[in-house]
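Every number for a ligand or one of its atoms is a count from 1 in the order of the listing. Predicted model, so just to flag it, every value in this text is computed and none were measured.
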Amino acid sequence: MSGNFIDNVNPATGEVYGQIPDSNSKDVEAAVHVAQKAFPVWSTTPAEERFKILNRIAELIDENLDELALAETNDNGKPLWLSKKVDIPRASANFRFFATGIMHFATESHHMEDKAVNYTLRQPIGIVACISPWNLPLYLFTWKIAPALAAGNCVIAKPSEVTPVTAFLLSIICREAGLPPGVLNIIHGTGNTTGEAIVKHPAIKAISFTGSTRAGERIASIAAPKFKKLSLELGGKNPNIIFADCDWEKMLKISVQSSFSNQGEICLCGSRILIEETVYERFKAAFVERTKQLKVGDPLNERSKQGAIVSKVHFDKIIRCIDTARQEGGKILCGGHAIKGEGRCENGYFIEPTVIEGLGPDCQTNQEEIFGPVVTLQSFKTEEEALQLANATQYGLAASIWTQDISKANRMAARVESGIIWVNCWLLRDLRTPFGGMKNSGVGREGGWEALRFFTEAKNICIEF
Ligand code: NAD
């Protein structure tokens with residue numbers, strides 16, 4: 001309806017290969033209208049029926065893995081092998097997980113001895129919104145949509161305007177799986193236009209958002225005075241804490257992954273590596289050597305460990321951040337530059353994996369989220385100092401701790417200000433666990449029962465005997 005369109009660019013080639021609508025408030029109104037019509041039937045559809053449809057969506061995602069993975073890679077720039085191994089399988093896992101979850105979801109009852117009994121009804125909220133970012137497009141989009149639908153809501157969902165294609169393909173899959181019209185409404189457009197129209201709409205009662213802290217702040221400022229339910233999954237600046245007594249080989253291998261997977265564009269990547277002083281030089285030499293071996297290039301090439309940065313805007317931002325690190329006195333140990341792609345990728349947006357040392361905790365480089373293939377190294381002498389460095393940012397999303405001393409791991413885990421702590425591992429996910437950040441990394445938790453509770457309204461019913 002808006003008549004405005006946005007170019008869709010393949011970041012590995014720099015080519016515009018499609019256009020998507022920049023939907024306006026009238027489009028949102030139309031989506032809400034059909035969602036309202038669908039809600040009475042969907043919200044009273046038996047859980048077993050919802051399970052069947054959502055499980056069928058999961059099966060169809062698996063059946064279309066190759067097409068979805070290629071679309072994800074063309075939109076985002078991530079290696080095709082990664083889309084096939086992680087992004088698309090996780091999207092079907094999300095639907096399968098919440099399809100079965102709703103079959104087991106139960107509510108509480110509180111007994112008041114001989115006086116009364118209370119039971120809690122958890123009812124669908126109505127029309128809810130799911131807004132997601134570009135770094136794990138279908139993976140995070142479905143992580144929100146699946147529990148919202150499983151709980152019986154009708155959904156208005158907006159993927160990132162930077163990576164819209166797999167969301168579009170999902171809409172075709174949902175139809176084929178038998179999801180009734182109006183239950184899921186996928187609407188494309190920019191954050192300022194479409195996103196804000198969604199957040200402002202009075203009939204949308206809950207918003208599940210994943211994205212930057214800046215956008216989260218803006219969304220909260222609009223939604224809070226209207227008393228909308230909010231779940232915010234925001235930015236991070238995660239510490240990767242390495243003690244001398246860790247399993248060295250495992251730590252080294254996983255630290256390279258936690259630094260540079262998906263071009264460092266995962267909110268959970270460890271971007272501040274904190275190393276015990278006694279092994280600092282050893283770590284630096286080994287880590288830099290491994291980082292230099294990472295092949296950056298065409299995401300369609302199986303040997304590329306790192307693909308393209310998602311967009312020109314984000315590419316420019318990362319290059320600016322590296323310049324800032326230099327100006328702040330940081331020493332670039334490896335990387336630090338853009339890379340010119342080969343063949344079809346000569347106009348793509350590629351950046352070398354970059355390791356920086358010599359910067360203290362308070363500088364911009366160690367305070368602001370870069371969200372790219374850039375990490376810093378800092379050393380610490382004691383557990384207390386490691387803790388101070390780990391907690392020295394506005395963020396509190398995830399942390400990794402590497403040590404063979406389980407008591408030290410537990411002590412640290414209790415005091416590091418992060419919603420997610422991995423001990424001797426990274427990105428090991430059990431979908432039942434609470435997922436989310438503290439401080440400026442967000443409000444609320446996703447995953448398991450937390451998500452189904454978020455997408456339902458609790459009502460207590462007290463019956464006196
Ligand atoms: P972004 O905030 O720019 O955009 C995220 C989504 O919100 C997009 O769909 C965008 O169109 C929309 N949006 C932007 N402004 C809006 C507004 N004012 N109103 C409504 N919608 C709006 O983030 P991005 O650049 O797409 O993603 C990168 C960010 O996401 C990073 O900060 C990263 O840490 C964060 N992230 C967090 C998690 C997590 O689980 N905590 C996971 C992935 C990414």
Quiz item: side-chain contact (heavy atoms from CB on, under 4.5 Å) with L60: which of L68, N55, I173, I172?
Solution: I173
Quiz item: Should the proximity of I198 to ligand 1, defined as any heavy atom under 4.0 Å, be assigned to the side chain, the backbone, both, or neither?
Solution: neither
Quiz item: How many angstroms lie between atom OG of S304 and atom NZ of K78, to the nearest 0.5 angstrom?
Solution: 14.5 Å
Practice problem: May I ask you to decide if the ring planes of F435 and W143 are parallel, tilted or perpendicular, using 30° and 60° as cut-offs? | Solution: perpendicular
Exercise. Measure the CG-SG distance between N238 and C267 for me, rounded to the nearest 0.5 Å.
Key: 7.5 Å
Practice problem: Record the part of E265 in heavy-atom contact with ligand 1 below 4.0 Å; permitted values are side chain, backbone, both and neither. | Solution: neither
Quiz item: Is the charged tip of R432 near the ring of W449: under 6.0 Å from the six-membered ring centre and within 45° of its axis?
Solution: no
Practice problem: Using distance alone, determine whether G191 and ligand 1 share an N or O pair under 3.5 Å. | Solution: yes
Exercise. Consider every N or O of K158 and every N or O of ligand 1, then say whether any pair is closer than 3.5 Å.
Key: yes
Self-check item: Numbered atoms of ligand 1 (with element) below 4.0 Å of P159, judged on heavy atoms
Solution: 9 (O)
Quiz item: Looking only at protein heavy atoms, which one is nearest to atom 40 (O) of ligand 1, and how far off is it?
Solution: F435 CE2, 3.4 Å
Practice problem: Check L268 against ligand 1 and report side chain, backbone, both or neither, counting heavy atoms closer than 4.0 Å. | Solution: neither
Exercise. With the side chain counted from C-beta on, respond yes when F455 and P124 share a heavy-atom pair under 4.5 Å apart, and no when they do not.
Key: no
Quiz prompt | Geometric cation-pi criterion K305 and F260, 6.0 Å radius, 45° cone | solution = no
Practice problem: Return a yes/no value for E161: is any of its N or O atoms, backbone included, closer than 3.5 angstrom to an N or O of ligand 1? | Solution: yes
Quiz item: Where on R218 is there a heavy atom closer than 4.0 Å to ligand 1, on the side chain, on the backbone, on both, or on neither?
Solution: side chain
Quiz item: Do ligand 1 and S132 have nitrogen or oxygen atoms that lie under 3.5 Å from each other?
Solution: yes
Self-check item: Interatomic spacing from CZ in F51 to CZ in F98 - rounded to 0.5 Å
Solution: 15.0 Å
Self-check item: Heteroatom distance test (E369, ligand 1): nitrogen or oxygen, under 3.5 angstrom
Solution: yes
Quiz prompt | Candidate list N10, T166, N8, T163, test side chain to side chain donor-acceptor pair (under 3.5 Å), partner D75, passing option | solution = N8
Quiz item: Just heavy atoms, cut-off under 4.0 Å: does L397 contact ligand 1 by side chain, backbone, both, or neither?
Solution: side chain
Exercise. May I ask you to identify, for L140, whether its side chain, its backbone, both or neither come under 4.0 Å of ligand 1 on a heavy-atom basis?
Key: side chain
Quiz item: Among protein heavy atoms, which lies nearest atom 15 (N) of ligand 1, and at what distance?
Solution: A215 CB, 3.6 Å
Quiz item: What residue and atom, counting heavy atoms only, is the protein's closest point to atom 5 (C) of ligand 1, and at what distance?
Solution: T210 O, 3.7 Å
